[in-house]
A.B. asks: 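Before I ask anything, let me first share the structure, which is written out below as structure tokens.
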Amino acid sequence: MKRNDNKTKKIDEKLQGSSLKFIQKQENPKKVYIESYGCQMNMNDSEIVASILLKQGYNTTDDIEEADLILLNTCAIREKAEKTVRNRLKHFNKLKQNHPETKIGLLGCMAERIKEKILEEEKLVDLVVGPDAYRNLPELIEELEDGRKAVNVLLSKEETYGDIEPVRLHSNGVSAFVSITRGCDNMCTFCVVPFTRGRERSRDPESIFNEIRDLKNKGYKEVTLLGQNVDSYLWYGGGLKKDFVKQPEEVKKNAVDFARLLDMTAEKFPGIRIRFSTSNPQDFNLDVIKTMAKHPNIAKHIHLPVQSGSDRILQLMNRKHSIAEYKSKIDAIRKYIPDVAISQDIIAGFSTETEADHQATLELMDYVKYDFGFMFAYSVRPGTAGAKNLPDDVPQEIKLRRLREIIDKQQEHSLYRMQQFTGKTVEVLIEGNSKKSAQHWMGRNAQNAVVIFEKNGNYKPGDLVKVKITDCTSATLFGNAIK
Ligand code: 5AD
Ligand code: SF4
């Protein structure tokens with residue numbers, strides 16, 4: 001799966017709307033078609049849904065015409081995502097005219113917000129299920145079979161789906177995602193996630209290790225630990241992050257934080273390359289940096305979204321750090337891990353952003369020289385503090401012009417970073433054929449850069465190969481395998 005080739009989009013456009021066919025059980029009489037939008041966590045959720053439904057008599061299909069159940073796993077992060085969903089639902093309803101018995105369901109981050117409208121007013125769906133209620137799908141589907149509409153959008157304090165082994169719908173057999181936290185407590189004023197995915201909770205380390213062990217036994221060579229804010233991971237026996245302070249001393253003493261989880265994972269699985277995403281600057285700390293420096297099997301890449309280079313805007317966004325603090329974290333990272341890759345998320349045109357704030361963002365980019373990034377124009381999300389309290393007062397054309405300048409600067413820096421690899425030998429984990437040529441392999445180095453090299457020698461996907469880099473673009477390295 002290609003994740004960062006289009007380095008301007010965190011949400012991988014190539015995966016948007018993807019529906020994939022994977023495990024089948026012969027005895028299963030029914031078929032479910034699942035189309036997924038949004039971030040990696042949401043893609044991972046679709047795999048959990050497929051796993052639950054597989055036990056319920058549903059095999060997955062990529063042919064919508066043969067589906068008994070059509071599911072749309074939605075994203076709410078920007079306005080555009082919402083429009084796409086409505087269009088897809090209308091399209092599914094047209095198909096339903098020829099297959100009236102087919103049921104249509106809406107899952108994911110949009111479920112809570114638009115349930116009434118699409119269920120009752122527009123009658124576009126039969127089933128609405130929020131991100132914490134997938135375990136309830138069998139009962140909800142039973143309700144459908146009895147001819148009723150079914151809804152569960154309740155958010156949970158405990159649900160982590162820790163015991164459910166996802167079916168790997170979006171995987172290349174080499175690299176897989178493993179969720180470690182759900183929800184987010186940060187309340188950035190632009191972000192809808194705390195409302196759509198609920199309060200933050202962490203997953204039992206044992207269930208994380210079991211999942212990785214299982215992946216390893218299936219031949220996987222890389223895992224990405226996923227969470228909205230992985231550095232905030234905290235396991236103290238289950239429950240919400242915010243309730244940790246109320247625990248007795250004994251419980252607090254035995255708690256596992258992110259640095260510890262990372263350390264244990266790296267130690268237990270020396271043959272697996274470990275990545276993680278996303279880090280939040282306010283929670284990312286020296287312990288994590290030192291753990292990364294200590295273990296060669298932890299990839300040398302940190303995704304550290306900054307959103308803006310202006311202290312005033314960061315404050316309005318309710319980001320709980322200053323630019324000086326952010327820079328000092330960048331300096332510490334580079335001190336301990338000199339060859340690290342750092343990537344960003346930046347929002348252009350947030351509420352009241354001036355030309356001077358925008359310049360501060362460009363200056364920060366010059367300071368860090370990110371390897372790559374994901375850049376967006378601000379899009380007000382209903383229900384957020386931004387929508388309630390802050391004006392959306394930067395005209396669209398100015399937002400887009402600033403976004404263009406940010407993307408252009410990132411292109412320059414990406415090219416600069418990639419050029420630093422030319423002439424050097426890097427270790428590449430082969431993921432599969434290059435999309436453009438069956439004569440070439442595609443893989444990634446420890447810094448998460450895509451590397452393309454000619455197939456000579458007896459390599460196969462999952463092998464770690466030394467590649468001498470000869471050439472690059474701002475998004476891709478080219479080279480030759482060396483024996
Ligand atoms: N408008 C624009 N971009 C947003 N992001 C989150 N919410 C919004 C919004 N309302 C971006 C942030 C975040 C990434 C996942 O998406 O940069 O880090
Ligand atoms: Fe993922 Fe955020 Fe979209 Fe939810 S709203 S699917 S968390 S990107």
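We use all heavy atoms of the structure for the numbers below, so side chains are in, but hydrogens, waters and symmetry mates are not. Counting convention: from 1, in listed order, for ligands and their atoms alike.
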A.B. asks: Examine the proximity of ligand 1 to Phe190 and report which part, side chain or backbone, both or neither, has a heavy atom under 4.0 Å away.
C.D. replies: both

A.B. asks: Applying side-chain hydrogen bond (donor to acceptor under 3.5 Å, both in side chains), name anything that partners Asn186, two or more places apart in sequence or on another chain.
C.D. replies: none

A.B. asks: In terms of atom number and element, which parts of ligand 1 are under 4.0 angstrom from non-hydrogen atoms of Ser379?
C.D. replies: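 Reading through ligand 1 atom by atom, the close ones are 1 (N), 2 (C), 9 (C), 10 (N).
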
A.B. asks: Given 3.5 Å as the limit, does a donor-acceptor pair link the side chain of Lys241 with the main chain of Ser232, or not?
C.D. replies: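 Flag set: sc Lys241 to bb Ser232 pair under 3.5 Å.
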
A.B. asks: Are the charged groups of Glu353 and Arg402 less than 4.0 angstrom apart, N to O?
C.D. replies: yes

A.B. asks: Among pairs that include at least one residue of residues 346-371, which meet ring-ring contact (aromatic ring centres under 6.0 Å, His included), considering only residues two or more places apart or in two chains?
C.D. replies: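 The answer is Phe350-Tyr378.
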
A.B. asks: Which option wins on minimum heavy-atom distance to atom 6 (C) of ligand 1: Asp345, Leu403, Ile77?
C.D. replies: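 Going through Asp345, Leu403, Ile77 one by one, Ile77 has the nearest heavy atom to atom 6 (C) of ligand 1.
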
A.B. asks: Considering distance alone, does some N or O of Gln307 sit under 3.5 Å from an N or O of ligand 1?
C.D. replies: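 Indeed, backbone or side chain, Gln307 has an N or O that close.
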
A.B. asks: Compute the minimum heavy-atom distance from Ala377 to ligand 1 and say whether it is under 4.0 Å.
C.D. replies: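 For ligand 1, residue contact (heavy atoms, under 4.0 Å) with Ala377 is present.
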
A.B. asks: Strictly below 4.0 Å, N to O, side chains only: are Asp263 and Arg260 in salt-bridge contact?
C.D. replies: yes

